[in-house]
Amino acid sequence: MLTRSLKDRLASRLMFLVTFSSSLIVFLIALALYARARPILTAKPLGELIFSSSWHPLKGEFGFYPFILGTLWVTALAMIISIPLSLLTAIYLAEYASARVRGVVKPLIDLLAGIPSVVYGLWGVLAVVPLIRDYVAPLMGRSLGFIPLFSAENLTGYSVLAGSIVLALMVFPIIISVAEEVFRSVPDGLREASLALGATRWQMVKHVVIRKALPGVVAAIVLGFSRAFGETMAVLMVVGNVAMIPSSIFDPAYPLTALIANNYGEMMSIPLYDSALLGAGLFLLLMVLCFNIMARIILRRVLREEW
Amino acid sequence: MANPHISVHNLNVFYRDHHALKDLTVELPERQITAIIGPSGCGKTTFLKSLNRLVELVEGTKISGKVLVRGLDIYHSDVDVTEIRKRIGLLSQRPHPLPMSIYDNVAFGPRLHGLKGRQELDRTVEDHLRAAGLWDEVKDRLHAPASRLSAGQQQRLCLARGLAVEPEVLLGDEPTSALDPMSAQHIERRLLDLKENYTIVIVTHILRQARRLADYVIFLYLGELVEHGPAADFFNHPQEARTRAYIRGEF
């Protein structure tokens, strides 16, 4: 009896310790980033670091603005592409597909999640970039080019759009599989109730299933966003990596992650360079943090409407 | 029967390999309460849901035979299933309020079918909440979430919601089984009131409830129709040995 309760206590202590230390790691990483970024944070005013767009490490100018905007552009466009597509897919799988179709499609989509990001990047270089260079950019530039957002002055294909498409594909399986689970957890009684009133399947989905599943859908999107923010490899391979502020989806960009991955370990003799890159890491961490807090606030507001 | 509202001819339902309903032929009287009784798993709910084509939702279901509602074969390929379900309302075993306000729950059906004007909607909602005996309890909080109501109130809300599409038939799948005795009694009284205007079909496993409510009884056993007839005959002079055994509580 004694050993049984002893084991029980031991187990709970051990699990507490493991849980505690893994959550501690977040703080350790933040602390390490801050410690290494301190030189540049003390040398330069924060406003200049964030809002200056001149990036000339040799001259001692470190403006993160283009990189921060690069991250925001690529992430935002990726989510604009992937949210509607993945939600429609999840709805189809949960509400319309037969068990046979679902049995084939679901594992394939889950497989997408397991493809290494460098492979996505290669595929982006081989397929997405040429497609944009040869077809999408010229076509849209000609027809919609008068809108700055679609003007196609960059002729390489390495662009915000390429990065966003690749990123959207990587976020796809995450949103789909979480959202599909959420849709399927909506009780069948609700479906029957709305169909029994003479609703069509689409009316049922639109007015009842989506509404009931909304908090979970928001959670799925947040999960996708978090992944999109931090993804490095695939994006850096197709996004062009030019330190400029994009104004069109066909412009190149240079996200924070790509900046760090491309430059860390090189030219480290330049004063403050290493500190600046770690500062970029810190900014990225803060952006993800802000986003998560915002998402939590939204989620809480959605959940409060306890329909 | 002089004037059946629903007549069922050689109805068979298969769930994949399972033969759930075996060659049912029966007629259901208009503006009366028909009770479908029988032990669990005998096909009561399957039969009920085949009357508004909800059985079709289960994957791998095969249906043969005919179900005529006022002479219209509801399984005919030309028939619009949403039109059928508008004519035949359903009250399910547990209340499932839709994720919206009390008002919107009742207005849901009418809106689906094209009712728009604010005043018309207001009137429909009030009328049907009254008919379901819920109006006085909710008239001051029509825009509160329906999920805040008690289970018994939710079931009456579901009744109001079903009535609001103005069906001719009302199906009830053990509509009181998830409720406390008071709420159950409330629903039963409503059903008795409503049979003046509606043909009502309920599934129940409570024999006493069938005795209290039913004008006509259908007894199913293992997917087969054993016996059916007016309630008085059915309970007082059952013809079949299996019916007598069931009525005596021997199943």
Side-chain angles (χ1 to χ4, degrees), chain A residues 87 90-106 179-220 298-307, chain B residues 16 45 48-49 51-60 80-102 104-114 144-148 154-155 157-158 161-167 169-173 178:
Chain A
L87 288 187
I91 289 171
Y92 179 76
L93 285 177
E95 303 295 329
Y96 291 84
S98 66
R100 256 210 2 247
V101 171
R102 194 165 43 234
V104 175
V105 174
K106 263 240 57 207
E180 198 243 8
E181 289 297 324
V182 171
F183 287 130
R184 281 165 67 85
S185 72
V186 172
D188 274 336
L190 275 180
R191 293 193 179 84
E192 286 193 358
S194 37
L195 292 177
L197 294 169
T200 61
R201 215 172 250 246
W202 173 241
Q203 286 171 324
M204 166 195 93
V205 168
K206 196 171 94 183
H207 298 299
V208 177
V209 177
I210 291 182
R211 196 150 182 183
K212 188 77 183 175
L214 200 60
V217 170
V218 173
I298 295 172
L299 200 60
R300 193 160 305 164
R301 186 156 304 166
V302 175
L303 282 175
R304 204 183 302 139
E305 297 176 9
E306 20 96 31
W307 301 109
Chain B
R16 298 187 195 281
T45 298
L48 192 79
K49 289 186 175 172
L51 300 181
N52 70 347
R53 290 182 55 176
L54 271 185
V55 268
E56 294 175 328
L57 296 185
V58 183
E59 230 181 302
D80 177 4
V81 66
T82 60
E83 202 51 40
I84 291 302
R85 292 188 184 138
K86 182 175 177 293
R87 287 173 61 184
I88 304 175
L90 172 74
L91 198 55
S92 60
Q93 210 170 82
R94 11 187 86 257
H96 285 286
L98 301 175
M100 47 190 83
S101 69
I102 295 169
D104 289 338
N105 260 274
V106 185
F108 186 79
R111 278 183 179 141
L112 286 181
H113 301 291
S147 54
R148 285 204 203 135
Q154 287 183 7
Q155 191 65 317
L157 177 69
C158 292
R161 184 179 69 194
L163 294 176
V165 294
E166 291 171 359
V169 180
L170 205 57
L171 308 178
D173 184 6

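Worth saying up front: this structure is predicted, and the values here are computed from it rather than measured. Throughout, protein chains are lettered first and strands after them, A, B, ... in sequence-line order, and every chain is numbered starting at 1.
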(message) I'd like to know if the side chain of B:His96 reaches the main chain of A:Asp188, judged simply by a donor and an acceptor atom lying under 3.5 Å from each other, with no hydrogens or angles considered.
(response) no
(message) Using every non-hydrogen atom in the two residues, find where A:Leu197 and B:Val165 come nearest and quote the distance to one decimal.
(response) O-CG1, 3.8 Å
(message) Quick check for you: among B:Leu90, B:Asn52, B:Leu54, which has the greatest number of heavy-atom pairs under 4.5 Å with chain A?
(response) B:Leu54
(message) Using 0.5 Å steps for rounding, measure from the OG1 atom of B:Thr82 to the CD atom of A:Gln203.
(response) 8.0 Å
(request) With rounding to the nearest 0.5 Å, note down the distance linking OG1 in A:Thr200 to CZ in B:Arg85. (result) 10.5 Å
(request) State, yes or no, whether a side-chain contact exists between A:Ser194 and B:Leu112 at a heavy-atom distance under 4.5 Å. (result) no
(message) So for B:Ile84, is it side chain, backbone, both, or neither that comes closer than 4.5 Å to the heavy atoms of chain A?
(response) neither
(request) Select, from B:Glu83, B:Arg87, B:Glu59, B:Arg161, the one with the greatest count of heavy-atom pairs under 4.5 Å involving chain A. (result) B:Glu59
(request) Check whether B:Leu57 gets within reach of chain A through its side chain, its backbone, both or neither, counting any heavy atom under 4.5 Å. (result) side chain
(message) Is there a side-chain contact (heavy atoms from CB on, under 4.5 Å) between B:Lys49 and A:Glu192? Walk through the geometry before answering.
(response) CA-CA 10 Å; B:Lys49 289 186 175 172; A:Glu192 286 193 358; 2.9 Å; yes
(message) Out of B:Arg94, B:Gln93, B:His113, return the one with the most heavy atom pairs under 4.5 angstrom to chain A.
(response) B:His113
